[in-house]
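Reviewing the structure listed below.
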2 protein chains.
Amino acid sequence: MSRKVREIIDLSSTLADIWRVLSEEERELIKKNARFVHYKKNEPIYIEEEQPRDLMCLLKGKVKIYKSGVGGRTQIIRMIRPIQYFGYRAFFAREPYVTAASAFESSTVCFISMELIEEMLRENGNLALFFIQMLSCDLGIADNRVVNLTQKHVRGRLAESLIFLKESYGLEEDGATINIYLAREDLANLSNMTTANAIRTLANFVNERIISLDGRKIKIIDEDKLLKISKIG
Amino acid sequence: MSRKVREIIDLSSTLADIWRVLSEEERELIKKNARFVHYKKNEPIYIEEEQPRDLMCLLKGKVKIYKSGVGGRTQIIRMIRPIQYFGYRAFFAREPYVTAASAFESSTVCFISMELIEEMLRENGNLALFFIQMLSCDLGIADNRVVNLTQKHVRGRLAESLIFLKESYGLEEDGATINIYLAREDLANLSNMTTANAIRTLANFVNERIISLDGRKIKIIDEDKLLKISKIG
DNA sequence: TAAAAACTATGTTATAAAGCACAAAAATAC
DNA sequence: GTATTTTTGTGCTTTATAACATAGTTTTTA
């Protein structure tokens, strides 16, 4: 399964965002409490219904947050990139996880006790505001997502996902290939469509010279067109 | 348009939730800063792209938070009932509103400067946690909503909306009629479907003796069945 | 309270996307 | 490195739901 990583990780640089708002004392406490766990590709990090205990910060790799819906169909809710925090919402809401998380590729996650975090943020207004801002942004994204996923057609939804992936994980050295390697099924689950439709629509985009494909690698040729398709739905 | 209400409103009872976590000093400050505005039926409270300035608390009436999507189709994102807070997310996220709000029926709203609130919560950990919890709950609801609205069929979505309305606004004296009076179009916008489909599906529910209709008044006859339809999609 | 506007109801048609099936290719396991 | 499993790619069929049309009804307004 998962094992703690042996290497000593420089927390101050990897947890940068949260680090800035902490006092020296608080930093020490966190350092003492942080645990590191490594996950293999496709290994689950937490599952639905589980009790949340830790704030998680992705240090290396890629993680997907997803939810299984009607008839076992899964919907990817968010994708996490390094130095992003996750897993804390359910703890704050005092409920079990309504989502699951798993490593997309080989990943390292830092765990910090949510009890400790909550104690700290009661005293540290900046830390509280850090979480408030993160939650507020995520809620805005979720609100947008509801409309995009329900009202746009497959082309629009897929175009949007491709742009989202590019924004999230960036491009490779060639300046065009999206820096993520994911199965058509995951792309479909991200875009709320069936795998067959994701495949078909990708093929259409290739014909229209909007993208090009090399196996699972996707190269964006005409980003403007992609943006336009995403916008008009 | 809207006018300030003249009556003196007892803040301590109407803002109950937030009041509990405030000091006497903070309460005084809020009392001095609070403004009350009355809205007529269908009057807008804020619109998309506008700059957020105030925390709003609905004192009386019903409010819908909505978003216009592709081709002008609107999606109702949340519905607010008295003593619920709204309008604060965008301020915390440092962005303009991505949603709009309007009064469903004649409503009274209390406005409190977000700058004041943010100042306070920096010092008051309980107030910070109040917002963190509210945001965390809303984000969980939004995550669920994404899956429900995208994966369930019209029957499931409508059934879910009816249950949601009952849970939110309760029943009338007869213990069966949902205590809200809304147009079929709003019901459709809440459930992500066209008005015609909302009407048709309601008619089906009547035939199946799950509900009965009297104009816009909806009486739930068989809640178990409604729950079942909502669950299976 | 009468006239205008908006909403409700229902039938018909069009269409986007799911479902299913199967062959080919690729990834993974042994 | 070969065998087995999983993924990809396409064609065909079915279906859910949107779109459109129109008449009747209710609500709003002046």
Side-chain angles (χ1 to χ4, degrees), chain A residues 40-43 69-75 102-106 147-161 180-207 211-218 229 232-233, chain B residues 40-43 69-75 102-106 147-161 180-207 211-218 229 232-233:
Chain A
K40 287 197 283 266
K41 193 177 168 152
N42 290 321
E43 202 177 345
V70 192
R73 247 174 87 195
T74 53
Q75 174 68 51
S102 76
F104 236 114
E105 49 182 64
S106 174
V147 173
N148 288 336
L149 287 181
T150 56
Q151 298 194 356
K152 288 183 184 171
H153 289 174
V154 280
R155 282 171 64 87
R157 301 203 301 269
L158 188 66
E160 194 178 336
S161 291
I180 193 171
Y181 185 78
L182 45 68
R184 301 283 188 270
E185 191 184 354
D186 283 316
L187 199 53
N189 289 342
L190 188 63
S191 317
N192 179 36
M193 63 185 68
T194 53
T195 307
N197 268 325
I199 291 168
R200 249 185 278 266
T201 310
L202 277 180
N204 289 341
F205 284 174
V206 171
N207 284 337
I211 60 169
S212 74
L213 294 173
D214 177 14
R216 291 188 180 175
K217 283 290 179 185
I218 301 168
I229 293 172
I232 59 167
Chain B
K40 288 197 284 264
K41 195 177 168 151
N42 290 321
E43 203 177 345
V70 192
R73 247 175 87 193
T74 54
Q75 174 68 49
S102 76
F104 235 115
E105 50 182 63
S106 174
V147 174
N148 288 335
L149 286 181
T150 55
Q151 299 194 353
K152 288 182 185 171
H153 289 173
V154 279
R155 283 172 63 87
R157 301 202 301 269
L158 188 66
E160 193 178 337
S161 290
I180 193 171
Y181 186 78
L182 44 67
R184 302 285 188 267
E185 190 184 355
D186 283 315
L187 199 52
N189 289 343
L190 188 63
S191 317
N192 179 37
M193 65 185 69
T194 53
T195 307
N197 268 324
I199 291 167
R200 250 185 275 266
T201 310
L202 276 180
N204 290 340
F205 284 174
V206 171
N207 284 337
I211 61 169
S212 74
L213 294 173
D214 177 14
R216 291 188 181 174
K217 281 294 178 183
I218 301 169
I229 293 172
I232 59 167

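Chain letters run A, B, ... following the sequence lines, proteins first, then strands; residues in each count from 1.
Nearer to the 5' terminus of DNA chain D, by closest-nucleotide assignment, is the contact made by A:Glu185 (compared with the other of A:Glu185 and B:Asn42). Residue order along DNA chain C, read from the 5' end via each residue's closest nucleotide, puts A:Val154 first among A:Val154 and A:Gly215.
When the options B:Leu213, B:Ile218, B:Leu158 are evaluated for a side-chain contact (heavy atoms from CB on, under 4.5 Å) with B:Phe205, the one that passes is B:Leu158.
Closest approach to the A:Lys41 side chain among D:dT27, C:dT8, C:dT28 is made by C:dT28 (side chain taken as heavy atoms from C-beta onward). Comparing D:dT10, C:dT10, C:dT8 by their nearest atom to the side chain of B:Ala203 picks out C:dT10. The side chain of B:Arg157 has D:dA18 as its nearest neighbour among C:dA18, D:dA18, C:dC7. Nearest to the side-chain atoms of A:Arg200 among the listed nucleotides C:dG11, D:dT8, C:dC20 stands C:dC20.
Contact between B:Arg157 and B:Lys152 at its shortest, heavy atoms only, is NH1-O, 2.8 Å.
Rounded to whole Å, atom P of C:dT8 lies 17 Å from atom CG of B:Asn204. One atom, CZ of A:Arg73, and another, P of D:dA16, lie 14 Å apart when rounded to the nearest Å. Protein atom CG of B:Leu182 is 14 Å distant from nucleotide atom C1' of C:dT8, rounded to whole Å.
One finds no side-chain N or O of B:Asn197 lying less than 4.0 angstrom from the OP1 or OP2 phosphate oxygen of D:dA16. The phosphate of C:dA27 (OP1 or OP2) has a side-chain N or O of A:Tyr181 nearer than 4.0 angstrom. Contact check, A:Thr194 against C:dA17: no side-chain N or O comes under 4.0 Å of OP1 or OP2. Side-chain nitrogen and oxygen atoms of B:Arg216 include at least one within less than 4.0 Å of the OP1 or OP2 phosphate oxygen of C:dT8.
Residues B:Glu160 and B:Asn148 have side chains that bring a donor and an acceptor to within less than 3.5 angstrom of each other.
Two residues are said to be in side-chain contact when any heavy atoms from C-beta on lie closer than 4.5 Å; A:Thr74 and A:Glu185 fail this criterion.
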